[in-house]
Each structure stands twice: as C-alpha cells, then as structure tokens.
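Working notes, beginning with the structure itself.
So you know, we letter chains A, B, ... as the sequences are listed, proteins then strands, and number each from 1. From a predicted model like this one, the values you see are computed outputs, not experimental measurements.
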Number of protein chains: 2
Amino acid sequence: MTRIFDDPADFADDQLAGFLDLYTDRVRGVPGGVVSYRTGTPQVGVVIGGGSGHYPAFCGTVGPGFATGAVVGNIFTSPWAAPAYSVGKAADQGKGVIFSFGNYAGDVMNFGIAAERLRAEGIDTRIVIVTDDVASAEEQEKRRGIAGDFTVFKVMGAAAAEGVGIDEVERLGRAANAATRTLGVAFSGATLPGEDEPLFTVPDGHLGLGLGIHGEPGIRDVAMLPARELADLLVDEVLKNAPPGAGRRIGTILNGLGTTKYEELFLLWGHVASRLRDAGYEVVDPEVGELVTSLDMGGCSLTLMWLDDELDPLWRADAYTPAYRKAAAPVAELRAPTADEEAEADAVVTAPEATDAARNLATTVRASLDVMATVLTDNEHELGRIDAVAGDGDHGRGMLKGITAAVDRVGAQGDQVGGAWRLARAGQAWAERAGGTSGVLWGAALESFGRALGDSAQDYPAAEVTRGVRAFADAIVELGGAKLGDKTLLDALLPFVDELEARVGDGEELAPAWRAAASVATAAGKATSDMRPRIGRARPLAEKSVGTPDAGATSMALIVTAVGSVLEGK
Amino acid sequence: MTRIFDDPADFADDQLAGFLDLYTDRVRGVPGGVVSYRTGTPQVGVVIGGGSGHYPAFCGTVGPGFATGAVVGNIFTSPWAAPAYSVGKAADQGKGVIFSFGNYAGDVMNFGIAAERLRAEGIDTRIVIVTDDVASAEEQEKRRGIAGDFTVFKVMGAAAAEGVGIDEVERLGRAANAATRTLGVAFSGATLPGEDEPLFTVPDGHLGLGLGIHGEPGIRDVAMLPARELADLLVDEVLKNAPPGAGRRIGTILNGLGTTKYEELFLLWGHVASRLRDAGYEVVDPEVGELVTSLDMGGCSLTLMWLDDELDPLWRADAYTPAYRKAAAPVAELRAPTADEEAEADAVVTAPEATDAARNLATTVRASLDVMATVLTDNEHELGRIDAVAGDGDHGRGMLKGITAAVDRVGAQGDQVGGAWRLARAGQAWAERAGGTSGVLWGAALESFGRALGDSAQDYPAAEVTRGVRAFADAIVELGGAKLGDKTLLDALLPFVDELEARVGDGEELAPAWRAAASVATAAGKATSDMRPRIGRARPLAEKSVGTPDAGATSMALIVTAVGSVLEGK
C-alpha cells in the first residue's frame, strides 16, 4: 500500500521534487522532467519516459552511460506532449534527440507530437518504441513495453556516451528492441496514493501470467508455483519467443515489481540461471533487482536480450545514474584466491620443531585419517540416505569431502611434522573444503585437538590424548550451539568422551578405553533414532526424523570406532 | 507477502545460492556466508552479519570500500557461532578481523564465541556492536541496531580499504556508532516464507513509532500522518537524541523497509531535507532507498550520523558492492548548464484586445469551467472506478487536475479578456497539469476552440459557437488518432457535435439545441458499454471492458450536460 504522501493528487510532482533535491549534484529539473548534467563532450540526447510509479524507471536511470533525460508523467499515466517537448529540448546537445518509451497509446501520441514540434524547431528527433512484452500480442510491433525498456535504453545510452551519431544510436536502439523479450507475472496489485484498495487484484493463491505493470490483463491466471517451476515457466515462455536467428549470448534482467523482494529474486535467479545455462546460453552481466516497478505491486519479470557483437559491449558498458551504477574497474581489481595461492599460504606457515614422540603421534594421526577416509567412503551413501530423511541428504558427501581434503593436506606434508600440527592442518583443510556447518565444526574441532596437544611433549600418555579429545568436543559444543539431546553429533560424541575420560581416569590403557567408549558412542548414535531434532530444522521435518538416527551422530560413531582399530594396531 | 520459495525451511540457503551465482565475479561463498574477493593489498577484515531477510543487509554490502565478509543467518535469526567463525577466518588477510552487527542477544553471543575461537587461533578479532535505535532504550549501549548498521559498517569498510590498522578501524567504528542515531516507523508487518499471516501487525490507519525491524515493540502507535508531519516527527525525534557535542554536518539515510517504495521515500525526503536544512544542518551525501529491509515490511527509518573531520571523508568515500556503489569521479565530471544555456525566455504573452461580445463570451466560459469543476469533483471516484475496469483508474483524477488548473488560470486573468483567449489559456493550463492522454486532448481541444472563435467578433451566434465546438472535436480526432466506435470520448463527443450542428443548422436556438445534443451524448456515452476499445489498451484488456462504459465518453457527456445548464441560465 502507498502510505507516504500529502495531497495524493500531487504525489508525482512531490516525489519528483524530493528526487531532484537528492540528486541535485547530477541532474536538474526542467518542466515535465529531469535532465542529466552534461559531460564535456556533446552527445545524442536519449530521452526516456512515461508515467511515474515505476522507479528506477524512468528518472532513476538518467546519467552518464544511460539516459540523458526523463519525462515524468503522473502516476501510471503517460506524460503530455508539452513536458516531452520541454525535456527533449533541454536534453538536446546539438546532436539530436531520441525519444524512447514503452508502447502505450498515450506515450506514442504524446512523444510523437513533441517530436514533431522539436523537428519544426530544427532539432533532429527520432523515436524508438519498446515492445518487449510477449504476453501482450503476437506481433512484436503491437506489444507493450515493460522491463525491456531497461535493455533498450541502456544500449542507446551507452552508444550515445561513446559519441556515436543519431542514425547509429537509433539503429542500435531498434536492434536492442528487436532482440529483447520479457514475460512478467503478478502476485498482487498496486495501490495508488490515497486509495485503500489496489487498482487491480490477482486471485488469492494465483499468479497473473503476463499481467501488465498497470494491471492490464495477461495471458491467464495460474495457481501459484514453487520457485523452481516459476523459473521454468518464465524461461520456457521467453525462450519460446526468441527472435529469429537468436544466438546463445544473452543479457538478462530478473526484475522485481515492488513488493517481491531481493531475497525472493535471488532465490528465483538461482533456478533461472541454471536453467538458462543448461539450455546452452551464456548469461552476460545479469541484473537482478528492482529496475522497472509498479509502486507496491507484487510480481517479477524475466527479460532476455539476445546479444551480438554490436549489442554485447553496449550492454556491458559502464554507467552511473542515481539507481543504476556499473563499473568494470572495481571488479577487475578483485581476484579469487587460486589453488596455488592457497597452497602457498600453507607453505608460508612452517611446522614447529617436533619431538620424537610428536612425530610418532603424527604417524598415528595419518593412519587414523586414512581409516576415517575408508569408513566414510564405504558409508557415504548410507549417511546420505539417513540425512535425506529430514535434511538435505548431503552429510555423506560433505564428510567425504572433508576427510579427503584432510588426507590430501597431510599427504603433502613431510615426515618431520608433529601429530598436533598435522591434526590442526587437517582441520583447516577439512573446514575449507567440506562446506556446511558440520564441515566448520569438524575443522575447528580437529584444530583444537591439535592445539591442545602441541608438538613439544616427550610423551603423549592416554590422559594427554583424552585432554585433546575433550578439546575437540568443546570446540563443537562452543561453536555449534547445540546440547545433549538435540539430535546432533554431540549425542554420540559426548557419551564417548565421558566414557573415555572415566576409563582413562581409572588408569585404563588408551586402546581398550577407546574401544569401550566407541561402543558407547555406537549405542548412543543408534539411540538418536528416538529423538526429535531441536535445532536447525523446521518442525515438520523434525517430526519426520523420528525413527531415523542422526546422520552426524552416526558418522561420529563410525569414525571413533575406526580410529579405535588404529589404536589397537589392527 | 513472501511468495517465491521452494521449501520455506531452505529459503535462506536458497536465496544465498542465487546471490552467489549472480555475483560470482566478486564474492565467494564460504560455509555460513560470503567473503569478498581481495584487492592486491591485505586489509583488516570487516565482517558484518545477522539474519537474512534484510537485503542489502548484509551480503549486499560486501565489496571494495565496504564489508570484507558477511555472515548469513536464517531469516530474521542470528547466525550460529560456527558460520561467524568460518566467515571471520576466511575474511582474515593477516591483519585481523572486526565483527560488527546490530545489538541483538543472539548475535552478541554467537559472534562473541566465534571471536574467542578466532583469537585462540591467533587471529586478532574485535567486536563493534551497533546501537543506533533511539526507540529501543534510553542508554545508547542498550539500544538495538537497525539502519545505523549501514553508517557504522561503511565507516569501517572505508577505513579498512585505506589500509588503516585494526586498532584504528575499531576506534573509528565505535566513533561512528557513537555518532549515529536512527528512528523508524512501521506501517505493516513482514511475512515469513511459507506463512500466510505477517509475523506482526500495525493497527490499520496507524504507524508503529520505533517498532523494530523484526516487530520488536516500539514507543507507541500513532495515527497515520501526512508526509510532511511524518518528516517532522522523524527529524524531531532523532535530533532530540543527538549525541553530546554534536555538530552541524550529518550523513543521512532515509531507509525503506521493503514495501515502502522509492517514490514515497523521495517524497518524504523532500520534507526531511528542507527541515534539516532549516534547522541549520549540512546534509552530506544523503542516501535514500532500501538499505536495511525486513522482507515485505512497510515503513521507513531516518538515520543521522554526526560527522567530524575524521568520519566525514569515510562516509563520502567510494565503495563498490552488489547493492551499494558510490564513486565521486563520474559526478565530478558533470556540470550544471551555465546561465546562458539555462536562459529560456518565458515569453510573456499578453491577451489581445477583446470586443464586448468576446468579453461577454468570457463570462460564459468562466461559468462553464466552474460547472465543469463541480461535476468532475462530484464524479471523480465514479470515473476512476469505471476507468479501473480496463484502464489505469486515473481518469477521474486526471480530469479534476485539468479543470482545476484551468479554473485557477482563468481566475488569475483580469475581466478584460475575451472568451477565445480565456478558452485557449484554460486549455494550456489543463494540458500542463492534467497529464495523460485525456489531458493532452482536452488541452489542445480547448485551445482549438478558442482559436476558432477569436476575440474580435461583434457577435457569437449559435452557428459560430457550433463552429468552435467542431474545432474542439477536430483537434481531438487529429491528435488522438481514434475514430467513432473505438470506445473513446469521441463516441460521446461526435454524436453531440453532429446533433448540435444539425439543430443549429435548422435554426434552433443554442441552449435547447445544446440540451438536446447533450441528451444524445449521454445516451451515446452509455452505449459505449457494449463496445470493445480499439486503441490505447492491450488486446486482452479490451474484452474486460465490455459491459462498462468508457470513462472518457462518460465524463464528456457529464460535461456537455453541465455546460448546457449554463447556457440555459440555470
């Protein structure tokens, strides 16, 4: 609902006044709209426009690399010819003016009249009409203009900024329009300032396929879809309407109409992007956000512009406007860490001197990691299956990724390192590669284990190892936020550590104490079947998990059992 | 309402996956969040975070000149310690890490644990808590963090990008927080993915003063205010809470919470800016838009950061992140037009000499415009309703704006002008103010009417007035591009003119002929119910309009009927 206004009748003028105040350092108001301050070099004027209520369309994209001026009509209403004339005249820098706008009768008429008047005054004036909405008509020239405004204006703005002449800017604008297709869906209507009811509605639990940005009827109402299916629908319908001779490079916009928010658009984008890539498209500089809105309307649209060698650089070009700012340089300066750099970082930190006892310990650590890798490989699918009952089913894979990274890192170490150092480095590799919370926890726990031991001891008696195991568990308790009974790996781990501490405290040798504690862990892991998860899962899933043990507790039991066999020398 | 998702339980992860796909050229995902790719020079890591659902907070502001990493929690839920630890570790470039987040118990605890763990691993880790919400507590250290997150993070990001050490970045962050105050208002609650009802509500027709971004209680509910009073309330309350020793330079944010849109924020900004300037403040680089949101929550907040010589350049500094991009250079290249360029002669057009007959005609014109204003005021909502069936619903409003402008212009004229001049000026005023297609047509038609008559005649017999009416109609035919049967105002106007011409041609007096023609117009206007619009509307919409008369034809019939009463002397 639109809530902030004084006199609703003055809404469009009042909001424009605030906009002009805010961006007074880069645009100026003229009767009927906004014109960008100029750069040193005269360029073709690209004057866009239409009704208000669509911000950033239209005045939000006035600036270097984009539009030269914007005509600002009333809310959802085409501006009259006089403001178009006034903005066009102010935007002319002696190289002519191109009016560009979505295909609505009022705009066509009014910009047309304005163009005639400007021509009569000797200003070369052209018109490029945007017709991207595939839902509105079969023939492209009869279609409405919606978010495809953005691609067409962007191409012309970039061409004009390069100093190209008016014939060429017009030609490129027409080429951009011919290459652009959009389909939108609406979830809910927009409310005009001062009104209590929306201007139009969409039936509850439905989406209006192809509904226009002012509520113009679309193709049909469809029952609301999950995001993945919505992405399929949008992609399929737009691709079905691809222009003749379309290639495989596409500029892409996923546009929010007002109350469909960024998180929703990102979520949808994930599906749209993979769907487009699966179909063999190269997605060039996608834009996901609010570019052409309709006040508080709910919905979104997908725009594709098929790029050739001419349109491609214009779509990618820099721009700097109030609402749209793009620059290649800051991104070009950034770099992802390469595998070499990660390895390099490892090499920089050298292992401390290790005692003989610490080097012996390192042998046990390596053997333990190796059996962990074996047991996790053998059980990958079963762990995945258990996890899928009430989770995302990736536990087996995540653990395998972690242990593999740990084993690889350890394999790259020389034989002179101590066991504590080895454990800590294994933990770092695990955390970096495994992903997910359990990867973080396992990594941190292994690091803690190592740090608790150190590589300077002359001996690593059972009590010392047990202290390391407790540090391992403490890290998970601390970082994980779970406690006993929450149906997590702690439900196997804590009984294991308690049992180990008790037995070692009573003077038992490490190997038999570990073996007994591992049995406790195995039983405790199985007993998690009866539990309801208390963190990290939605309630319906929590119920669903009853009857299945926790995947993390299960893998923990498998691991301590396997390590027990190493300690026993088996 | 939140509509786009697959499994609501996976919403936060799924939207993050889409975000990472979109910005894969500048950020990388790590367990629990996002880290910026690095520039060449290592810098202090500024790691921000909190729950999801607040985009651009928090991952939208990761990038050069702003945050180094963001921890991404579940929707409206503090992240656990493990992800905070994981992101902090990945963001460390060897110069230490600062965790910064809004003051919520869960965040304080979990970031605290993560910081302890990082310190244990030798990473210098600091914490800067944001406490800007003046509505939440008296003492600043007990206050919640809301949109002031943005100023505090920005200052630290800028300082870190300059290569400053961790002590200094921490100190500047604390200084920024100490200098920042925010007050928010809520109009409506946010809906979690998968839920049908909002998480919290605001009573209808009210605003929640100081209501938190997750619905935490505010100061009180207040009856909804006009924009100007809302601006006063926000400015007064924030200024009342100015920090000790506050100066006159302020960085400013007017933040939209999700469904309060740009146009509304610009409108409000106009009032906020003038109020701040009137109070003697220098507003530095204001930001108006969506910076810290709450899904589809309605509302806004005003943040002021009092600047000193230290904070000022950090607030102004360049940044380049997915959602926030700022560069001084492109604006510095622009220049306002010079006085010469600006000089646009507003030719003062004086009214021509008018005969007595023309001055008499002017009286009738004024009376006619007055009754038009009355009938359009009385029918504004009904015309809007009719128009909304298959149009944008603004016909009533547009006509009222036009006639009001015309009446005002006429009211400013002396008594010595002729009726033709008066009609022409009324038409210009109408066109300038009404906007939209019907504004163009009405304005141009009234101008043509006046031009056809002239103010030099000694008499204005019925045949002469009828000629003027025909010129009025011709202008609409010419400019509008519609014809009879297209379901436009012509379907009332042309039968009216035909009838009037026929009767006057047969020697009937103007008043009865006009009255009879108005009856024809009324019947013809009603008969447009059966028609399908043939221009100005998308084809699917045309079908929907069948059964409802055309709004333009309806208002035309109302107007000629009302003017008829003037001619009859009623």
Side-chain angles (χ1 to χ4, degrees), chain A residues 3-6 14-15 17-19 21-22 25-26 37 39 55 64 73-74 76-78 80-81 105-106 110 136 144 187 199 214 216-217 226-228 259 261-264 266-270 273 288 295-296 320 325 330-331 333-336 435-437 439-441 478-481 538, chain B residues 3-6 9 14-15 17-19 21-22 25-26 28 31 37 39 55 64 80-82 85-86 113 187 226-228 258-259 261-264 266-270 273 288 295-296 320 325 330-331 333-336 388 392-394 431-432 435-437 439-440 535-536 538 540-541 544:
Chain A
R3 315 253 187 174
I4 300 181
F5 48 81
D6 295 297
D14 291 349
Q15 63 90 21
F19 173 85
D21 178 288
L22 185 62
D25 57 346
R26 60 200 84 172
Y37 287 157
T39 58
Y55 196 87
N74 215 325
F76 290 4
T77 306
S78 141
W80 184 58
N110 293 319
S136 54
R144 295 184 295 244
F187 307 139
L199 198 56
H214 314 98
E216 302 93 337
R228 186 181 297 275
T259 58
K261 301 311 301 177
Y262 310 100
E263 288 85 353
E264 296 176 88
F266 292 140
L267 193 153
L268 188 60
W269 173 252
V288 177
L295 291 174
D296 59 333
Y320 197 85
R325 303 170 190 185
V331 178
E333 277 174 23
L334 299 175
R335 58 193 176 75
T437 304
V440 175
L441 296 178
E478 208 181 295
L479 287 177
Chain B
R3 316 254 187 173
I4 301 180
F5 47 83
D6 295 298
D14 290 350
Q15 63 92 21
F19 173 86
D21 179 287
L22 186 62
D25 56 348
R26 59 199 86 173
R28 65 191 174 104
Y37 287 156
T39 58
Y55 196 87
W80 297 108
Y85 160 82
S86 151
I113 293 166
F187 307 138
R228 185 181 297 276
T259 59
K261 300 310 301 177
Y262 310 101
E263 288 86 352
E264 296 177 88
F266 293 141
L267 194 154
L268 188 60
W269 173 251
V288 177
L295 292 173
D296 59 335
Y320 198 85
R325 302 170 189 184
V331 177
E333 278 175 21
L334 299 174
R335 59 183 180 80
D392 56 17
D394 73 341
E432 282 163 18
T437 306
V440 180
I535 64 161
L541 194 54
K544 206 168 171 184

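Interface remark: A:Leu22 contributes backbone and side-chain atoms alike to the contact with chain B (heavy atom separation under 4.5 Å). Interface residue B:Tyr320: only side-chain heavy atoms are found under 4.5 Å from chain A. Both the backbone and the side chain of B:Phe19 come within contact range of chain A, with heavy atoms under 4.5 Å apart.
Taking every heavy atom of both residues into account, A:Thr259 and B:Asp296 meet most closely at O-CB, 4.3 Å. Of all the heavy atoms in B:Gly393 and A:Leu199, the pair that sits closest is CA-CD1, 4.0 Å. Closest non-hydrogen pair, A:Pro64 versus B:Pro330, comes out as CG-O, 4.4 Å. B:Tyr37 and A:Leu334 make their closest contact through O-CD2, 3.3 Å (heavy atoms, listed as atom of the first residue, atom of the second, distance). Among all heavy-atom pairs drawn from A:Lys261 and B:Gly258, the shortest one is NZ-O, 2.9 Å.
To the nearest 0.5 Å, atoms CG (B:Asp394) and NE2 (A:His214) are separated by 9.5 Å. In this structure, B:Arg3 CZ and A:Leu268 CG are separated by 14.5 Å, a value rounded to the nearest 0.5 Å. Interatomic distance, A:Thr39 OG1 to B:Glu333 CD, rounded to the nearest 0.5 Å: 7.0 Å. Interatomic distance, B:Ile113 CD1 to A:Glu478 CD, rounded to the nearest 0.5 Å: 6.5 Å.
Using a distance-only test at 3.5 Å, with no hydrogens or angles considered, no donor-acceptor pair links the side chain of B:Glu263 to the main chain of A:Gln15.
Classification of the B:Tyr55-A:Phe266 ring pair by plane angle, with boundaries at 30° and 60°, yields perpendicular.
For the set A:Gly439, A:Pro226, A:Gly73, the count of heavy-atom pairs under 4.5 angstrom toward chain B peaks at A:Pro226.
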Test side-chain contact (heavy atoms from CB on, under 4.5 Å) applied to A:Asp6 and B:Leu267, step by step: CA-CA 9 Å; A:Asp6 295 297; B:Leu267 194 154; 3.8 Å; yes
